[in-house]
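Please read all numbers here as calculations on a predicted model, not as lab measurements.
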There are 2 protein chains.
Amino acid sequence: MDIKDIDKVDNIIKRSRPIQAGEHIYRTGDGFTSIFAVRSGSIKTYLLDDDGVEQMTGFYLPGEILGFDGIGTEKHGCNVMAMETSTVCEIPFERIEELSLQIPVLQRHFFQLMSQQIEADHQMMLTLSKKNAEGRVATLLISLSRRFGRRNLSPNSLRLPMSRMDIGNFLGLTIETVSRTFSRLQKEGLIKVDGREIHINDHEQLRSICHAAK
Amino acid sequence: MDIKDIDKVDNIIKRSRPIQAGEHIYRTGDGFTSIFAVRSGSIKTYLLDDDGVEQMTGFYLPGEILGFDGIGTEKHGCNVMAMETSTVCEIPFERIEELSLQIPVLQRHFFQLMSQQIEADHQMMLTLSKKNAEGRVATLLISLSRRFGRRNLSPNSLRLPMSRMDIGNFLGLTIETVSRTFSRLQKEGLIKVDGREIHINDHEQLRSICHAAK
DNA sequence: TTGGATGCTTGATGTATGTCAAGACAAGCA
DNA sequence: TGCTTGTCTTGACATACATCAAGCATCCAA
């Protein structure tokens, strides 16, 4: 993309809207207009079952993009909430569509982003369907580590962006099982747990228990 | 879309490639070039874990479109196999991208298709993470019924496009549990089971046990 | 006709994780 | 200081589903 094109993209982005922890960016059924880029903090997306049961479907860290649900129906298909104080950029999707017609690499880029989301969701289905509690927690930690590393943060020392309850919800486990699993991994020396602070001692072995086993 | 545009789209579609049951259309790591529309039969997509454990990530019936994985990396991210003798249309993605620049509604349409895939995957995560065996099986049957209905087939009498093993794999259950669950639903009078032939007697009640409960 | 796959069902038993309950710890507040 | 509240941990027990095993039906090849 040349500089003029980057400028064009830059101009349609609405900057830095701050969000308090627990505040929603949008909810299921809201009209779809924009996607969002996380600038700081952490954001979770979740579905509510007919019975009010919550299923977290993903979470997003700085530099990541969310909101690709709801293009099909023009209505958002999930709820999006800040897990801590966060800032996001809003990117009006119609403007993206217009610009994509002028800048082919932009069109390609958004197809790629959505494709990556699909692949990540499929990995998550594998995790939920085939892995035991240890495998699920290990997979989450490795994923966090990788994403922290991408932002040039330490891949070994990380602060969980979410509560035990959110972790359990995301991984399809109860908070008790999550807690017990952290304790077990710590007793085995793979990680060091202090509340939300996690230190990964043995990346290799942690990765090795990510594999499916139920 | 006007007729000339429809013609343009029509011209890039490679017609009716027949696939035998068990044959692959592509595998993980193959170069990404095309997406596929199912014309007849049924197609499954699945991941292989490092240990060779298979996780089915979706299945596609006539009229449905698959292959949106791998746009990001240019390599396919899953395996795609025919579950019975099938035919598919191949649609070269680069041609789609070119045409999308000329026909804005086409661009919008593909964004919509991918968005719908993302929403369906999120629903599946909810199913895998929060529902018990009965809820998972019921959810699958309701989904099949709806998709059969969309093709103007009976929503109450359907032939399962897949084996018990595939069902178990897809739903994160063993074949024994799948079989027992079918038997239980039959004993309760909600469905009639005869091998792969399923008759839905009580749509309402079947739908009511789709809700999360674990 | 037999024998061997293959796919499905059903029963008996084991186990990972859910559920229920209690307590530890920290943060905020009177 | 004590009191409340929320988050997390740990233990005891219950249960849904996995595992192991057997049996049945269908199909196909020898």
Side-chain angles (χ1 to χ4, degrees), chain A residues 21-22 42 44 51 53-56 83-85 127-141 159-188 191-198 209 211-214, chain B residues 21-22 42 44 51 53-56 83-85 127-141 159-188 191-198 209 211-214:
Chain A
S42 54
K44 74 170 174 179
D51 306 343
V53 175
E54 175 179 333
Q55 173 63 41
M56 189 167 153
M83 294 193 288
E84 53 195 322
T85 306
T127 296
L128 290 173
S129 152
K130 293 288 189 309
K131 297 182 188 179
N132 61 16
E134 242 185 27
R136 294 183 203 194
V137 170
T139 300
L140 174 66
L141 292 178
R159 182 177 172 74
L160 296 172
M162 55 185 113
S163 66
R164 297 289 189 273
M165 200 164 125
D166 277 333
I167 294 174
N169 185 345
F170 184 50
L171 297 178
L173 302 168
T174 59
I175 62 172
E176 293 95 329
T177 300
V178 172
S179 184
R180 275 187 257 268
T181 305
F182 275 132
S183 299
R184 183 141 29 94
L185 291 176
Q186 177 167 240
K187 203 167 350 173
E188 290 163 358
I191 61 175
K192 170 90 183 60
V193 184
D194 179 18
R196 289 196 179 193
E197 299 290 341
I198 304 285
I209 60 174
H211 302 334
K214 204 175 175 179
Chain B
S42 53
K44 74 170 174 178
D51 307 343
V53 175
E54 174 179 333
Q55 173 63 41
M56 187 165 154
M83 294 193 288
E84 53 195 320
T85 305
T127 296
L128 290 173
S129 150
K130 293 289 189 310
K131 297 182 188 179
N132 61 15
E134 246 186 23
R136 293 183 204 194
V137 170
T139 300
L140 175 65
L141 292 177
R159 182 179 172 75
L160 296 172
M162 56 185 117
S163 66
R164 297 288 189 275
M165 200 164 123
D166 278 332
I167 294 174
N169 185 344
F170 185 50
L171 297 178
L173 302 168
T174 59
I175 62 174
E176 293 95 328
T177 299
V178 172
S179 183
R180 276 187 255 269
T181 305
F182 275 132
S183 298
R184 183 142 27 95
L185 291 175
Q186 178 167 239
K187 204 167 350 176
E188 290 164 358
I191 62 176
K192 170 91 182 59
V193 184
D194 178 18
R196 290 194 179 193
E197 299 290 341
I198 305 283
I209 60 173
H211 302 335
K214 203 175 175 178

Sugar-phosphate only, base, or nothing, as touched by B:Thr174 at under 4.0 Å among non-hydrogen atoms: base
Pairwise 5' ranking along DNA chain C for B:Ser163 and B:Arg180, keeping only the more 5' one: B:Ser163
Check: B:Thr177 side chain, B:Leu173 main-chain N or O, donor-acceptor pair, under 3.5 Å: no
pair B:His211-B:Thr139: side-chain heavy atoms closer than 4.5 Å: no
Atom-to-atom span, CG of B:Leu171 to P of D:dA18 - whole angstrom: 11 Å
B:Phe182 CZ - D:dC17 P separation (whole Å): 15 Å
Any side-chain donor near an acceptor of the partner, B:Thr181 and B:Glu134, under 3.5 Å: no
Length of the line joining B:Asp194:CG and D:dC24:C1', which is rounded to integer Å: 15 Å
N/O donor-acceptor pair under 3.5 Å between A:Arg136 side chain and A:Leu128 backbone: yes
Rounded interatomic separation in angstrom, taking CZ from A:Arg196 and P from C:dA27: 13 Å
Separation of atom CD1 in A:Ile175 from atom C1' in D:dT7, rounded to whole Å: 8 Å
Candidates C:dT9, D:dA16, D:dT10 - which lies nearest the side chain of A:Ser183: D:dT10
Phosphate-side-chain proximity, A:Thr177 and C:dT17, N/O vs OP1/OP2 below 4.0 Å: no
Nearest-angstrom distance from the residue atom CD of A:Glu176 to P of D:dA12: 15 Å
Separation of atom CG in B:Leu185 from atom C1' in C:dT10, rounded to whole Å: 16 Å
Side chain of A:Asn132 (C-beta onward), nearest among D:dC17, C:dT17, D:dC8: C:dT17
N/O (side chain, B:Arg164) to phosphate O (OP1/OP2, C:dT9) under 4.0 Å: yes
Between D:dA16 (C1') and B:Lys131 (NZ): distance, integer Å: 17 Å
Sidechain N-carboxylate O distance under 4.0 Å for B:Glu84, B:Lys44: no
